[in-house]
Asks: 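Please find one structure pasted underneath; my questions will follow.
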Amino acid sequence: MRKTLYPFAVIALVLISLVFAGTGCGKKNVGPATPPAARPPAPVETPPTPPAPTITLSVSPAAIMQGQSSTLSWRTTNAIEVTIDGGVGTVEAAGSRALTPSTSTTYRARATGPGGVADAEARITVSAEEAAPVVPGTARRLNDAEFFAANIKDAFFDYDSYSLRDDARQAMMESARLLKERPNIRLTIEGHCDERGSEAYNLALGDKRANAAKDFLVSQGIEPARIDTIGYGEEKPFATGHDEDSWKQNRRAHLVMR
């Protein structure tokens, strides 16, 4: 029996060896490597748009006689260069300057910044009158511009108010009395505010202040047709400081001869 089985055992071992030889540790036949997925481009960041510059320009008083002075005031935001023509030149971002023009002059200011350019202008009217012969014991009669500049006063207001104070009423009563002497004078009342509060709120408050002054003058006998009003809010400050003294000067009804 043992002799008969031996050849079969040898054959089985050979077959097993062949099977293991065919399934050994050879390298697998693999296809080409898959390339990595393309990375999306990084988003391009758009730089923020720089804010546009602003500028306000005002004169006080707006009407003078030859040889008199007027104060030019300005204020800007978001500007790196500020220039004013009319012989003023390059100036700081905010300030004021006394000017004595010999003739009527319109001053134009320009504020330049990364966000663009802003312009503003203000005019000083200069009046010249030939001297009238002086009669002993009499004085030369002032023309209307001289009369207005010398006598007509502004009305000032408390913070966040358009009610006329006692001192403002006194000023308006005196202005009304004097305006009756010169019926040809026409005027504009400008309503101004300090810098506190929103732009829209201050524009409305300035309009109320101008109309409060007009209503009082009308109540004193000045014809409504002689008076125009406009509200500027905080746009044309008389003082450029950021303190109570400056704010007091900017809370006013400003009377300007037309």
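Note that the structure is predicted; figures quoted are calculated from it, not measured.
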Asks: Return the SG to CZ distance between Cys193 and Phe157, rounded to the nearest 0.5 Å.
Replies: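 Here the interatomic distance stands at 9.5 Å.
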Asks: Show me the pairs that pass side-chain hydrogen bond (donor to acceptor under 3.5 Å, both in side chains) and involve residues 151-162, at least two apart or across chains.
Replies: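 Listed once each, the pairs are Asp154-Arg252, Asp154-His254, Asp158-Arg165, Asp160-Tyr201.
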Asks: Is Glu81 close to Thr83 at the side-chain level, that is, under 4.5 Å between some pair of heavy atoms?
Replies: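 Yes, close enough: below the 4.5 Å cut-off.
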Asks: Answer yes if the side chains of Thr71 and Ser96 hold a donor-acceptor pair under 3.5 Å, and no otherwise.
Replies: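 The criterion, which ignores hydrogens and geometry beyond distance, is not satisfied for Ser96 and Thr71.
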Asks: Main chain of Pro101, side chain of Thr105: is a donor-acceptor contact present, judged purely on distance under 3.5 Å?
Replies: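 No, because the side chain of Thr105 does not come within donor-acceptor range (under 3.5 Å) of the backbone of Pro101.
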Asks: Could you tell me if the side chain of Phe216 sits less than 4.5 Å from the side chain of Arg169, heavy atoms only?
Replies: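 Result yes, sub-4.5 Å side-chain heavy-atom pair found.
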Asks: Taking the side chain as every heavy atom from C-beta outward, state whether Lys208 and Asn211 have any atom pair closer than 4.5 Å.
Replies: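 A side-chain contact is absent here, since even the closest heavy-atom pair is not under 4.5 Å.
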Asks: Got a salt bridge between Asp228 and Arg258, using NZ or NE/NH1/NH2 to carboxylate O under 4.0 Å?
Replies: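 Answer for the salt bridge query: yes.
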Asks: With rounding to the nearest 0.5 Å, note down the distance linking CG in Asp215 to CD1 in Ile222.
Replies: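 Here the rounded value is 13.5 Å.
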Asks: Any side-chain heavy atom of Arg110 sitting closer than 4.5 Å to one from Val117?
Replies: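 Heavy-atom side-chain distance check passes, below 4.5 Å.
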Asks: Under a 4.5 Å cut-off applied to non-hydrogen side-chain atoms, are Leu255 and Met172 in contact?
Replies: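 Leu255 reaches Met172 side chain to side chain.
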Asks: Under a 4.0 Å threshold between the charged nitrogen and the carboxylate oxygen, would Glu244 count as salt-bridged to Arg251?
Replies: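 Salt bridge flag = yes for Glu244 with Arg251.
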Asks: Compare all side-chain heavy atoms of Asn143 with those of Glu146 and state whether any distance is below 4.5 angstrom.
Replies: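 When only atoms from C-beta onward are counted, Glu146 and Asn143 do touch, with a gap below 4.5 Å.
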Asks: So, applying side-chain hydrogen bond (donor to acceptor under 3.5 Å, both in side chains) with Asn202, which one of Arg196, His192, Glu234, Glu195 is it?
Replies: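 Per the side-chain hydrogen bond (donor to acceptor under 3.5 Å, both in side chains) rule, the option paired with Asn202 is Glu234, out of Arg196, His192, Glu234, Glu195.
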Asks: Please list all pairs passing the side-chain hydrogen bond (donor to acceptor under 3.5 Å, both in side chains) test where one or both residues lie in residues 51-62, with sequence neighbours left out.
Replies: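 Non-adjacent pairs meeting side-chain hydrogen bond (donor to acceptor under 3.5 Å, both in side chains): Thr54-Thr77.
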Asks: Output the distance between atom OG1 (Thr125) and atom CZ (Arg123), rounded to the nearest 0.5 Å.
Replies: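 With rounding to 0.5 Å, OG1 (Thr125) is 5.0 Å from CZ (Arg123).
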Asks: Can you tell me how far the CD atom of Glu92 sits from the CZ atom of Arg97, to the nearest 0.5 Å?
Replies: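 Reported to 0.5 Å precision, the distance equals 6.5 Å.
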Asks: Cluster partners of Tyr107, using ILVMFWY side-chain heavy atoms under 4.5 angstrom, listed by chain and number?
Replies: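 Its cluster partners, ordered by chain and number, are Ile55, Leu57, Val59, Ile64, Leu72, Trp74, Val82, Ile84, Val88, Val91, Leu99, Ile124, Val126.
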Asks: Measuring from Asp144:CG to Arg141:CZ, what's the distance to the nearest 0.5 Å?
Replies: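 So the gap between those two atoms works out to 7.0 Å.
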Asks: Any side-chain heavy-atom pair from Phe148 and Arg182 closer than 4.5 angstrom?
Replies: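 Phe148 vs Arg182: side chains apart.
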Asks: Distance check, rounded to the nearest 0.5 Å: Ile189 atom CD1 versus Ile152 atom CD1?
Replies: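 Atom-to-atom, Ile189:CD1 and Ile152:CD1 are 10.5 Å apart.
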